[in-house]
Number of protein chains: 2
Amino acid sequence: MAVAARRKFRREGEERRRQDLIEATLDCVAENGLQGATVRAIALRAGVTAGLIRHYFPGKEELLQAAYATIMGRMTELAKTALATVEEQPRLRLAAFVEASLVPPVIDVRTFSIWASFIGRAGSDPALGVAHRAGYLGFRDEVETLVAEVLADAGRQASAGELRRHAIAINAIIDGLWVEGCLAGDMFAKGELAEIGIGSVEAMLGLRLRQGDVA
Amino acid sequence: MAVAARRKFRREGEERRRQDLIEATLDCVAENGLQGATVRAIALRAGVTAGLIRHYFPGKEELLQAAYATIMGRMTELAKTALATVEEQPRLRLAAFVEASLVPPVIDVRTFSIWASFIGRAGSDPALGVAHRAGYLGFRDEVETLVAEVLADAGRQASAGELRRHAIAINAIIDGLWVEGCLAGDMFAKGELAEIGIGSVEAMLGLRLRQGDVA
DNA sequence: GACGTTGTTATGCAAGTGTATAAATATTGC
DNA sequence: GCAATATTTATACACTTGCATAACAACGTC
């Protein structure tokens, strides 16, 4: 009689498997929220069976944490990339940074869905709250540094309080436009959000960023 | 022998029970996300047994939808209240609106958690996406009207495109500051976010909102 | 005060959950 | 080729999930 044939499989490297499982987890979260991230759904998407998850992670909770760390790392890495623009002039660097934050791949509905799914629990889950705060502050500090350079370049000096307010405001408008761009990107023309973002920052700082060489 | 005593109960009005169940659902979602909103957890919090849910709703899905509609309605109602400020002068109205959007009860971590939990699925759930879009557009239109009044009051006229950009930008900065205020309210001094928000809007529009009578 | 209506509880069920364990097989070193 | 290893599958288990159903009791009506 036909005994059920055992499934064929290949041994992947440990790093590769971990990565695949994390990616599968992020896919599940993006599509159906944390509810959709069951061990079986994750395993199915990763092309393995459920039991394997516990071979690479102590439990589902740890896999979710690893997935969250991954998406956060990816987001900040994108931000860093945007910050490390090749531009020399501070104003162009700030403009390039704002622009990079408001076009793909930073504007991305999948990333947003994952972010929202996790961040919704930041109020009750201390670990998530701390992680968010750290990411936010790191981001804001970068913005603040950038703003300080821009103002110095323009021959203006700002107090610590002014710098702080500028950084908070610029960070907020980027975040706000990012949310809308991710949620309803098709409501905006291509490049429109970046245009609005840069224009807003210019207005806030009271100087032009893009036509660069006026002191 | 002691037969298990059946639980005492009272018959509440239909409206009251529905409301209690919805509120319990929102509590559960706020605390543990959609995952935490199980029929048993909801019933426990509402002070009833699980079966009763299906007496008032066709299923859990419908209860969640009702809860989402409720929280959305509450948010837009708060926004409308902020918009219907008693101020006469357009500039003061806009300032009051921005301020109201950036202090409690609009700034509220519970509301934010619920919003994030639901909106995380807006990318995959068409109904949620449409609902968000409608709410956002309604809100933005109000902002646009307000801005138009302010500019007219200042003797300036703006094209439709300019109005649109202003509305998008102002909306974004309010959203961005709202997110941060909800997630990490203790990082900001009381009233600081409102101050930054109003200041940013002033910078964007190129006029003062609060000391009002210069044309 | 008895009675019927129906809001409410209690119980049960099939499907799905995370996890534990054993069996099987792909890979490595010889 | 062959044995050793540990990656991977398969299966089982206790628990939770949403939902169905029946028993019950609170309330309005006569």
Side-chain angles (χ1 to χ4, degrees), chain A residues 1-29 31-68 117 121 125, chain B residues 1-29 31-68 117 121 125:
Chain A
M1 68 188 265
V3 113
R6 197 168 245 257
R7 181 174 161 170
K8 300 290 182 192
F9 61 91
R10 277 183 44 205
R11 295 184 162 187
E12 301 288 351
E14 166 167 350
E15 207 50 38
R16 170 71 188 280
R17 270 279 135 87
R18 285 190 121 88
Q19 213 55 37
D20 284 353
L21 287 173
I22 288 175
E23 208 57 44
T25 303
L26 291 175
D27 281 339
C28 290
V29 172
E31 284 187 15
N32 295 312
L34 290 173
Q35 295 193 96
T38 68
V39 290
R40 286 171 178 81
I42 293 167
L44 179 66
R45 193 178 284 263
V48 298
T49 53
L52 193 60
I53 288 179
R54 292 221 8 134
H55 190 262
Y56 288 104
F57 297 91
K60 184 196 168 191
E61 187 62 30
E62 285 77 10
L63 172 54
L64 281 177
Q65 286 173 14
Y68 180 66
S117 294
R121 290 180 62 179
D125 186 328
Chain B
M1 65 189 275
V3 113
R6 196 168 247 255
R7 179 175 165 170
K8 299 291 181 192
F9 63 89
R10 277 183 43 206
R11 295 186 163 187
E12 300 287 351
E14 165 167 351
E15 207 51 37
R16 169 70 187 280
R17 271 279 135 89
R18 286 190 122 87
Q19 212 56 35
D20 284 352
L21 287 173
I22 288 175
E23 207 57 45
T25 303
L26 291 175
D27 281 340
C28 289
V29 173
E31 284 188 16
N32 296 313
L34 289 172
Q35 296 194 95
T38 68
V39 290
R40 286 171 177 82
I42 293 167
L44 179 66
R45 194 178 283 262
V48 299
T49 52
L52 192 60
I53 288 178
R54 290 225 5 141
H55 190 263
Y56 287 105
F57 296 90
K60 185 196 167 191
E61 187 62 29
E62 285 77 9
L63 172 55
L64 281 177
Q65 285 174 13
Y68 180 67
S117 294
R121 291 180 61 179
D125 186 331

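Order of the sequence lines fixes the chain letters, A, B, ..., with proteins taken first and strands second; residue numbering starts at 1 for each chain. These values consider heavy atoms only, across backbone and side chains, with no hydrogens, waters or symmetry-generated copies.
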Asks: Can you give me the closest heavy-atom contact between A:Ala41 and A:Gly36, atom names plus distance?
Replies: CB-O, 3.6 Å
Asks: Roughly, in whole Å, what's the span from CZ in A:Arg16 to P in D:dT8?
Replies: 11 Å
Asks: Could you tell me, to 10°, how much the axis swings from one end of the helix from C:dG1-D:dC30 to C:dC30-D:dG1 to the other, five pairs per end?
Replies: 10°
Asks: Does the side chain of B:Phe57 reach to within under 4.5 Å of the side chain of B:Ile22, using non-hydrogen atoms?
Replies: yes
Asks: Work out which heavy atom in A:Cys28 is nearest to a heavy atom in A:Ala37; give both atom names and the distance.
Replies: CB-CA, 3.9 Å
Asks: Regarding A:Glu12, tell me which of base, sugar-phosphate or nothing describes its non-hydrogen contacts under 4.0 Å with the strands shown.
Replies: sugar-phosphate
Asks: Would you say B:Lys60's side chain and B:Ile53's backbone share a donor-acceptor pair under 3.5 angstrom?
Replies: no
Asks: With a 4.5 Å cut-off on side-chain heavy atoms, are B:Leu64 and B:Thr25 touching?
Replies: yes
Asks: Contacts to DNA chain D from residues 53-60 of chain B, heavy-atom cutoff under 4.0 Å, which residues?
Replies: B:Arg54, B:Gly59, B:Lys60
Asks: For residues B:Arg17 and B:His55, determine if any side-chain heavy atom of one lies less than 4.5 Å from a side-chain heavy atom of the other.
Replies: no
Asks: Could you state the CG-P distance from A:Leu52 to C:dG18, rounded to the nearest angstrom?
Replies: 15 Å
Asks: Sugar-phosphate atoms are those with a prime plus P, OP1 and OP2; base atoms are the rest. Using that split, label each nucleotide of nucleotides 22-30 of chain C B, S or - for protein heavy atoms under 4.0 Å, 5' to 3'.
Replies: -BSSBS---
Asks: Residues from residues 31-50 of chain A sitting under 4.0 Å of DNA chain C, heavy atoms only?
Replies: A:Ala37, A:Thr38, A:Val39, A:Arg40
Asks: Going by heavy atoms in the side chains, are A:Leu63 and A:Val39 under 4.5 Å from each other?
Replies: no
Asks: Please give, in whole Å, the distance from D:dT7 C1' to A:Leu21 CG?
Replies: 12 Å
Asks: What's the shortest heavy-atom distance between A:Val29 and A:Ser117, and which atoms?
Replies: CG1-CB, 3.7 Å
Asks: Which residues satisfy the side chain to side chain donor-acceptor pair (under 3.5 Å) test with B:Asp27, sequence neighbours excluded?
Replies: B:Arg110
Asks: Would you call A:Arg7 and A:Thr49 a side-chain contact if the rule is heavy atoms closer than 4.5 Å?
Replies: yes
Asks: Separation of B:Glu14 atom CD from C:dT6 atom C1', in whole Å?
Replies: 12 Å
Asks: Would you please name every residue forming a side chain to side chain donor-acceptor pair (under 3.5 Å) with A:Arg18, sequence neighbours left out?
Replies: A:Glu14
Asks: Looking only at atom types and distance, does a side-chain atom of B:Glu62 sit under 3.5 Å from a main-chain N or O of B:Gly59, one as donor and one as acceptor?
Replies: yes
